[in-house]
Student: 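Next up is a structure, given as structure tokens.
The structure presented is a predicted model; accordingly, all values stated were derived computationally and were not measured.
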Amino acid sequence: MRIVAASLALVVGASQAPMMAQSARGTRPNIIFIMTDDHAAHAIGAYGSQVNQTPNLDRLAKEGALLTSVFTTNSICTPSRAAILTGQYSHINGVTMFNRFDSSRMTVARLLQQGGYYTGMVGKWHLGSDPMGFDNWEILPGQGVYKDPVFYTASGEKTYSGRYVTDVITDLAIDFLKGRPREKPFFLMMHHKAPHRPWEPDDAHASHFAAQRIPEPVTFWDSYATRTDALHENLQRVAADLTNRDLKLKPPAGLTAAELTRWLLIKPDSVTTEVEERMVTLTGEALARWKYQRYMQDYLATVQSVDDSVGHVLEYLDKSALSKNTIVIYTSDQGFFLGDHGLFDKRFMYEESIRMPFLVRWPAAVKPGTKSQAMALNVDFAPTFLEAAGLPVPADVQGRSLLPVLRAATPRDWRTSMYYRYYHDPGNHNTRAHYGVRTRTHKLIYFWTKDQWELFDLVKDPYELHNLYDQPGQAQLTESLKAELARLKREVQDHDQLADRQLANGVDGLVAALRGR
Ligand code: CA
């Protein structure tokens, strides 16, 4: 702990002086943090998407910075949000799964507000408690819904009948910008619901991908040979676990409400549908391929609305002469499997799930076209905002400011490995708890409730298909990664195995108890 605190103090001390001088001149930057839910980097043009085009998101990359190695420390909605707000790992901030965030804790929003920023939060919050540290907030209950969304505000509920959630959040963000006090810099968290399940596009984009054949990822038919039981047992497979509701299948006529609810949750093993103007019943591989197309058509169509939304925000900033000194960030709370390894969710420590897109435009300080492979984490966002605002970073913040990375001056002692931990076992998708270490070249994962390991060479096997654990010739590498994992656990102060097991056992009751926000 002492070492972490000391190094943070050094970071702050070294970088704060010029920023404070800047703030004294009244040029502190505005910050718009746009975060989507479950948007994988590989569904963004600037990240080399093979499946869609995102011109407005690409504009952020072209006019600013694109980071390729930004990772979540716990790949699921609520914990990632808590890590972003606090700059702390799940076991420190208390949100390991879907437990309620203790809003009396210090957050980056509260620190910015106390530091003179006008602060706002619109969209998906999903932390169980009301937002604190915001002058203005309007949030979705829990996950929220795509159509006719209800929002909670400090003064009660509002229903937006006939509206689409992405459009409402865009309007709320622009209203915040219009209504802000002009004498203060602002900090806005704009959190979209899209593209989270159940992937319901708006009318304008519903058929955007209908006539296209979306390419399957190279690992779509991953056989899981050499892998642990955890992967074999998971229930997030495109072929087997998408429901009638996910696939937007038409229910049979005459069902009662209770029957309809049950029917929507059925995972169909055959579907009769029109293929080349003939009705065909699909099963097996053909059905899996059809399900992938249905899933991706809807997922990607919800992303198109988000891309439009980012375009509207950038247009407003341009029009209002705010672009130059406003930091616009685009990210997602985690990545997502787009059929990769045959999956459609997140949670696992595999690349598609833990990688977060991270695009930053800040014309006053970040050179257009900046690209960095520096390893960054969701716990780094809070100290980044604080440093940009010229405010001190508290010693219990575990992340590190990304400003030097964005300025293409990554410090020599920047991290080269990261610690990951997922707790929600078995969760909705029967995904086993695990933790692990990722270096720039390797990944070691420990499924501790199973006592099984996976080891990957990310250079030779970037798709993580060949588990090298216990293979001949890997002993030395395995030992060094285990040592690094132990070092990281000590550094981030995660060392209670007994608590691990208690948390895992208590999860179902905990989730059931947490409804509403
Ligand atoms: Ca999410």
Student: For the residue pair His42 and Tyr47, is the inter-centroid distance of their aromatic rings smaller than 6.0 Å?
Tutor: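 Centroid distance His42-Tyr47: not below 6.0 Å, so no.
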
Student: Atom CG of residue position Asp269 - does it have more than 12 heavy atoms of other residues, nucleotides or ligands inside 6.0 Å?
Tutor: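 Counting neighbours around CG of Asp269, 12 or fewer heavy atoms of other residues, nucleotides or ligands fall under 6.0 Å, so no.
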
Student: Take Phe358 and Phe381 through the test ring pair (Phe, Tyr, Trp, His ring centres under 6.0 Å) and record every step on the way to the result.
Tutor: CA-CA 10 Å; Phe358 199 78; Phe381 301 175; 4.7 Å; yes

Student: In terms of relative ring orientation, are Tyr446 and Tyr435 parallel, tilted or perpendicular, with 30° and 60° separating the classes?
Tutor: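 Perpendicular: the ring planes of Tyr446 and Tyr435 meet at over 60°.
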
Student: For the ring pair Phe385 and Phe33, is the centre-to-centre distance below 6.0 Å?
Tutor: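 Between Phe33 and Phe385, which both carry aromatic rings, the centre distance is below 6.0 Å.
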
Student: Counting only heavy atoms not in Arg440, do more than 12 sit closer than 6.0 Å to its CZ atom?
Tutor: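 Not more than 12 within 6.0 Å, no.
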
Student: Has Arg400 got a side-chain atom pairing as donor or acceptor with Pro383's backbone, closer than 3.5 angstrom?
Tutor: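 Judged by distance alone, no pair lies under 3.5 Å.
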
Student: Classify the ring geometry between Trp199 and Tyr295 as parallel (under 30°), tilted (30 to 60°) or perpendicular (over 60°).
Tutor: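 Correct class here is tilted.
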
Student: Please find the pair of heavy atoms, one from Leu338 and one from Tyr292, that lie closest to each other, and give the distance.
Tutor: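 It is O-CE1, 3.5 Å.
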
Student: In terms of heavy-atom contacts, does OH of Tyr463 have more than 12 from other residues, nucleotides or ligands at under 6.0 Å?
Tutor: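 Not more than 12 within 6.0 Å, no.
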
Student: Please report the closest heavy-atom contact between Glu233 and Arg432, naming both atoms and the distance.
Tutor: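 Closest approach of Glu233 to Arg432: OE1-NE, 3.5 Å.
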
Student: Taking the six-membered ring of Tyr350, is the NZ or CZ of Arg227 close enough (under 6.0 Å from the centre) and on axis enough (within 45°)?
Tutor: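 Arg227 over Tyr350 ring: yes.
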
Student: What's the shortest heavy-atom distance between Thr96 and Pro79, and which atoms?
Tutor: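 The pair with the smallest heavy-atom distance is O-CG, 3.4 Å.
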
Student: For Thr54 and Asp307, does a side-chain donor sit closer than 3.5 Å to a side-chain acceptor?
Tutor: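 Result is no, nothing qualifies.
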
Student: Could you check whether Arg294 pairs with Asp298 (Lys NZ or Arg NE/NH1/NH2 to Asp/Glu carboxylate O, under 4.0 Å)?
Tutor: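 Looking at Asp298 together with Arg294, the answer is yes, because their closest N to O distance falls below 4.0 Å.
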
Student: Would you confirm whether the ring centroid of His91 sits within less than 6.0 angstrom of the ring centroid of Tyr423?
Tutor: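 No, the ring centres sit 6.0 Å or more apart.
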
Student: Does the ring centre of Tyr299 sit less than 6.0 Å away from the ring centre of Phe344?
Tutor: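 Not close enough - the centres of the two rings lie 6.0 Å or further apart.
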
Student: I'd like to know if the side chain of Thr107 reaches the main chain of Arg110, judged simply by a donor and an acceptor atom lying under 3.5 Å from each other, with no hydrogens or angles considered.
Tutor: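 Yes, because the side chain of Thr107 sits within donor-acceptor range (under 3.5 Å) of the backbone of Arg110.
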
Student: Ring of Trp453, cation from Lys482 - is the NZ or CZ under 6.0 Å from the centre and inside 45° of the axis?
Tutor: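 Ring-cation test returns yes.
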
Student: Do we see a donor-acceptor contact under 3.5 Å between the side chains of Thr384 and Asp380?
Tutor: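 The answer is no; no qualifying pair exists.
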
Student: Between Lys443 and Asp461, is the closest basic N to carboxylate O distance under 4.0 Å?
Tutor: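 Between Lys443 and Asp461 there is no salt bridge, as every charged N stays at least 4.0 Å from the carboxylate O atoms.
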
Student: Run Asp396 and Arg105 through salt bridge (charged side-chain N to carboxylate O under 4.0 Å, His left out) and show every step you take.
Tutor: CA-CA 12 Å; Asp396 60 355; Arg105 295 185 80 95; over 6 Å; no

Student: Considering residues, nucleotides and ligands other than Gln212, do more than 12 of their heavy atoms fall under 6.0 Å from its CD?
Tutor: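 Buried by this count: over 12 neighbours within 6.0 Å.
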
Student: Any salt bridge linking Asp241 with Lys291? Criterion: basic side-chain nitrogen under 4.0 Å from a carboxylate oxygen.
Tutor: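 Result for this pair is no, no salt bridge flagged.
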
Student: Step through the shown structure and confirm whether more than 12 heavy atoms of other residues, nucleotides or ligands are within 6.0 Å of CD on Gln53.
Tutor: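 It does not: Gln53 CD has 12 such atoms or fewer within range.
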
Student: According to salt bridge (Lys or Arg N to Asp or Glu O under 4.0 Å), who are the partners of Asp451, at least two apart in sequence or on a separate chain?
Tutor: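 None.
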
Student: Would you name the heavy atoms of Arg237 and Leu231 that are closest together and state the gap between them?
Tutor: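 Closest approach of Arg237 to Leu231, heavy atoms only: NH2-O, 3.9 Å.
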
Student: For Arg245, does the CZ atom sit with more than 12 other heavy atoms under 6.0 Å from it, leaving out its own atoms?
Tutor: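 Counting other residues, nucleotides and ligands, CZ of Arg245 stays at 12 neighbours or fewer.
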
Student: Are Lys248 and Glu200 within salt-bridge range, i.e. N to O under 4.0 Å?
Tutor: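 No salt bridge links Lys248 with Glu200.
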
Student: Kindly say whether Ala43 contributes a backbone atom to a donor-acceptor pair with the side chain of Ser49 at under 3.5 angstrom?
Tutor: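 Answer holds: no.
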
Student: Aromatic rings Phe337 and His341: how do their planes relate, parallel, tilted or perpendicular, breaks at 30° and 60°?
Tutor: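 Taking His341 first and then Phe337, their aromatic rings stand perpendicular (interplane angle over 60°).
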
